[in-house]
*Asks:* 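Would you mind keeping the following structure in view while I ask a few things?
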Amino acid sequence: MFAGVDIGGTTTQVVLCDDELTVLDRAGTTTPAASGGQAMINAALGVLAQLLRRTPGRLAGAGVGAAGVVDSAAGRILVASDSFRGWSGFPVTATVEDALGVPAFLDNDVNAFLRGEVSSGAVRGEPDVLGIALGTGVGGALWAGGRLFAGPHGAAGEIGHIPGFGDLACTCGGRGHLETLASGRSIGARYTDRTGRRLTAREVADAAAHGDEDALAVYRDAGAGLARAVVMTAGVVDITTVVIGGGVSRAWHLLEPAIRARLTEEPPVSGHPVRLVRARLGADAVAVGAATRARLETTPGVRAEPTPEGRRGPSGPERPHRVGIGS
């Protein structure tokens, strides 16, 4: 079996997968983000221990997906948000390996999200995919030629922090980034700017469902911004598919029409349409992607990502890499 752990700022999700990456069991807990790295790992390991007690099998490896900037090769958190204490610099994989006695691997959460959707989700087996996670922020990841492409500095696919989407200040310190249009935080803020009412992104979606024109306009702007980012990415790396997940994607009925309308108006330079899909794995995506990484790294000669026909071809171990900022 392979364990996958998703350590978020609020909750930690743990899954156990079999050799075909089918989820055998899952459980979650509150992330003790203010109590330090060891407390966060202990919380995840406690949940995993429960799953192992009730699921027969042998644990062969564990993967962890975490928000922020991570050094995948060293298995450490490089930079974390202010909501985490004692997390930056924490040796995640060494701590997990010492506790479990099996190999462990670390990925950025959005990279793990995309890996999960390619392995067993909405874009199973597709070779060229842009993954977008819409949460508190906007995270991105790139799948190219059938494998994760992080780039030399770990920033490949990070469309949430490219400029050209207005002039509003972004949480990263820049201005006019896609995140200022399409993140959950920004959707709420833009609605407040228009109406003076303070609502969450989910509440704005509920208002839009009841015909609130300001709420509808905010989601149309978010969809248009996402479409423009898709076209920009397609013009650089010729992606064929985009998968969108994260909490904001629950308002798919609002986002999808706006994205498709703008893609029709401004299609990719290739002239070929980009396939747009909603993520399928939901809350499991990051954890399943982390388990997928563990399977790939610990099973020489076996490919963790299925082909479109579901066959598994030969593949060597993936070279460790640095990954970029998630959501």
Side-chain angles (χ1 to χ4, degrees), residues 1-8 12-29 37-38 40-67 70-77 90-121 124 141 143 146-148 150 281 283-306 312-323:
M1 300 183 295
F2 300 92
V5 180
D6 171 13
I7 300 179
T12 293
Q13 178 80 3
V14 183
V15 301
L16 267 182
C17 296
D18 65 14
D19 193 49
E20 294 299 313
L21 299 173
T22 300
V23 176
L24 302 172
D25 204 351
R26 63 175 61 81
T29 188
Q38 188 64 57
M40 286 185 273
I41 293 299
N42 287 345
L45 292 174
V47 174
L48 176 57
Q50 296 173 21
L51 299 184
L52 290 171
R53 281 195 294 269
R54 66 195 192 202
T55 310
R58 180 181 63 85
L59 186 66
V64 178
V70 310
D71 184 336
S72 184
R76 289 178 176 270
I77 305 295
F90 190 81
V92 175
T93 58
T95 304
V96 173
E97 287 177 347
D98 287 346
L100 298 177
V102 298
F105 307 90
L106 176 66
D107 268 318
N108 162 270
D109 58 347
V110 183
N111 286 358
F113 152 76
L114 180 54
R115 192 190 295 277
E117 290 293 334
V118 171
S119 69
S120 53
R124 179 181 172 89
W143 195 262
R147 64 187 297 119
L148 189 72
L281 297 181
D284 284 346
V286 173
V288 169
T292 303
R293 170 79 187 281
R295 182 183 186 274
L296 176 63
E297 298 283 8
T298 59
T299 313
V302 176
R303 183 178 175 86
E305 297 79 33
R312 297 182 186 275
S315 172
E318 181 170 298
R319 181 174 61 87
H321 50 261
R322 293 179 184 268
V323 293

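Just so it is clear, the model here is predicted, and its values are computed rather than measured.
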*Asks:* Testing the 3.5 Å rule here: is there a donor-acceptor pair between the side chains of Ser119 and Arg295?
*Replies:*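 Distance-only check fails for Ser119 and Arg295.
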*Asks:* Between Glu117 (side chain only) and Ala285 (backbone N and O only), is there a donor and an acceptor less than 3.5 Å apart?
*Replies:* no
*Asks:* By salt bridge (Lys or Arg N to Asp or Glu O under 4.0 Å), which residues pair with Arg76, not counting sequence neighbours?
*Replies:* none
*Asks:* Test side-chain contact (heavy atoms from CB on, under 4.5 Å) on Thr12 and Met40; report intermediate values, then the result.
*Replies:* CA-CA 8 Å; Thr12 293; Met40 286 185 273; over 6 Å; no
*Asks:* Show which side-chain atoms of residues 92-100 pair as donor or acceptor with protein atoms under 3.5 Å away, not counting sequence neighbours.
*Replies:*
from: Thr95; atom 1: OG1; to: Pro91; atom 2: O; distance (Å): 2.8
from: Glu97; atom 1: OE2; to: Ala104; atom 2: N; distance (Å): 3.0

*Asks:* Going by salt bridge (Lys or Arg N to Asp or Glu O under 4.0 Å), name the pairs with one or both residues in residues 41-51, residues two or more places apart or in two chains.
*Replies:*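 Qualifying pairs, neighbours excluded: none.
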*Asks:* Minimum heavy-atom separation for Glu297 to Phe105, with atom names?
*Replies:*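 That closest heavy-atom pairing would be CB-CZ, 3.3 Å.
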*Asks:* Tell me, please, which residues at least two apart from Gln50 pass side chain to side chain donor-acceptor pair (under 3.5 Å).
*Replies:*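 By the side chain to side chain donor-acceptor pair (under 3.5 Å) rule, Gln50 matches no residue at all.
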*Asks:* Which atoms form the tightest heavy-atom contact between Ala290 and Gly4, and what is the distance?
*Replies:* CB-CA, 4.1 Å
*Asks:* If the condition is side chain to side chain contact (heavy atoms under 4.5 Å, CB included), which residues does Ala291 pass it with, not counting sequence neighbours?
*Replies:* Phe2, Cys17
*Asks:* Please examine the side chains of Val23 and Val288, heavy atoms only from C-beta on, and report whether any two atoms are closer than 4.5 Å.
*Replies:*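 The answer is yes; the side chains approach within 4.5 Å.
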*Asks:* When you measure from the side chain of Ser72 to the backbone N and O of Leu106, does any donor-acceptor pair fall under 3.5 Å?
*Replies:* yes
*Asks:* Among residues at least two apart in sequence or on other chains, which ones pass side chain to side chain donor-acceptor pair (under 3.5 Å) with Arg53?
*Replies:* none
